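Note that the numbering runs from 1 along the sequence shown for the chain. Here the structure is a predicted model, which is why all the values come from computation and not from measurement.
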Amino acid sequence: MDSGFVSQCEAVNCTYNQEQQCTAGAIRITFASQLALCDTYTEEPEQVKQVRIEVGDVSQCDVIDCIYNQGQRCMVEFITVNFSDSMARCATYQI
């Protein structure tokens with residue numbers, strides 16, 4: 001199975017966000033402050049964004065206690081990234 005794809009991203013001010021779709025090609029999920037965070041999140045003002053054609057997938061996940069993590073690979077078909085408190089979070093994370 002391939003790594004999980006980002007099905008929706010609510011971090012609309014991220015440089016890789018195009019109409020709530022991740023175009024980074026590959027993202028990395030890290031764990032900090034008890035949260036699964038999108039480490040690829042890069043803030044960029046809406047007027048500066050460039051169109052990218054890649055589709056985001058989880059290339060590496062460091063959230064070892066997540067039920068979908070197998071050897072630092074995300075083994076769920078799709079993930080959702082939400083945005084709150086100035087952080088892009090993996091909303092699919094489950095222990």
Side-chain angles (χ1 to χ4, degrees):
M1 178 178 194
D2 293 331
S3 295
F5 287 97
V6 181
S7 63
Q8 180 177 351
C9 179
E10 297 173 8
V12 294
N13 62 338
C14 178
T15 187
Y16 300 110
N17 189 312
Q18 298 292 321
E19 298 178 7
Q20 294 195 332
Q21 297 300 307
C22 180
T23 61
I27 69 169
R28 179 178 175 194
I29 304 295
T30 58
F31 195 70
S33 302
Q34 304 294 316
L35 300 170
L37 303 175
C38 176
D39 194 46
T40 310
Y41 167 76
T42 305
E43 188 173 344
E44 184 171 59
E46 183 71 31
Q47 66 273 18
V48 183
K49 286 186 184 181
Q50 298 177 13
V51 175
R52 294 169 179 82
I53 58 172
E54 300 176 85
V55 177
D57 70 8
V58 182
S59 63
Q60 181 176 339
C61 180
D62 296 330
V63 187
I64 304 302
D65 68 343
C66 180
I67 64 171
Y68 302 117
N69 188 320
Q70 292 180 13
Q72 293 185 297
R73 294 202 52 173
C74 181
M75 301 308 284
V76 68
E77 187 174 2
F78 297 104
I79 72 163
T80 300
V81 175
N82 63 23
F83 191 78
S84 62
D85 299 324
S86 300
M87 291 182 279
R89 303 177 186 188
C90 177
T92 310
Y93 163 68
Q94 290 186 32
I95 53 171

query: Got a donor-acceptor contact below 3.5 angstrom from the Asn82 side chain to the Ala91 backbone?
result: no
query: Do you know the tightest heavy-atom contact between Ile95 and Ile67?
result: C-CG2, 3.6 Å
query: Take atom CD1 in Ile64; do more than 12 heavy atoms of anything else shown fall under 6.0 Å from it?
result: yes
task: Would you give the length of the straight line joining atom CD of Gln70 to atom SG of Cys61, rounded to the nearest 0.5 angstrom?
output: 11.5 Å
message: Could you check whether Tyr93 and Asn69, counting side-chain N and O atoms only, form a donor-acceptor pair closer than 3.5 Å?
response: no
- prompt: Within a strict 4.5 Å, meaning less than it, do heavy atoms of the Val81 and Tyr41 side chains meet?
  reply: no
Closest approach of Asn17 to Cys9 (non-hydrogen atoms, all atoms of both residues): ND2-O, 3.0 Å
- prompt: Which value, rounded to the nearest 0.5 Å, describes the distance between Asp39 atom CG and Cys90 atom SG?
  reply: 13.0 Å
- prompt: Looking only at heavy atoms, which two atoms of Tyr68 and Gln94 are closest? And how far apart?
  reply: OH-NE2, 3.5 Å
Please set out all donor-acceptor pairs under 3.5 angstrom arising from side-chain atoms of residues 27-35, sequence neighbours excluded.
unit_1	atom_1	unit_2	atom_2	d
Arg28	NE	Asp62	OD2	2.8
Arg28	NH2	Asp62	OD2	2.4

- request: Quick one: list whatever passes side chain to side chain donor-acceptor pair (under 3.5 Å) with Gln21, sequence neighbours left out.
  value: none
- prompt: Hey, does the side chain of Thr92 reach the backbone of Thr80 with a donor-acceptor pair shorter than 3.5 angstrom?
  reply: yes
query: With no hydrogens and no angle check, is any side-chain donor or acceptor of Ser7 less than 3.5 Å from a backbone partner on Phe5?
result: no
field: Transitive ILVMFWY side-chain link Tyr16 to Leu37, under 4.5 Å
entry: no
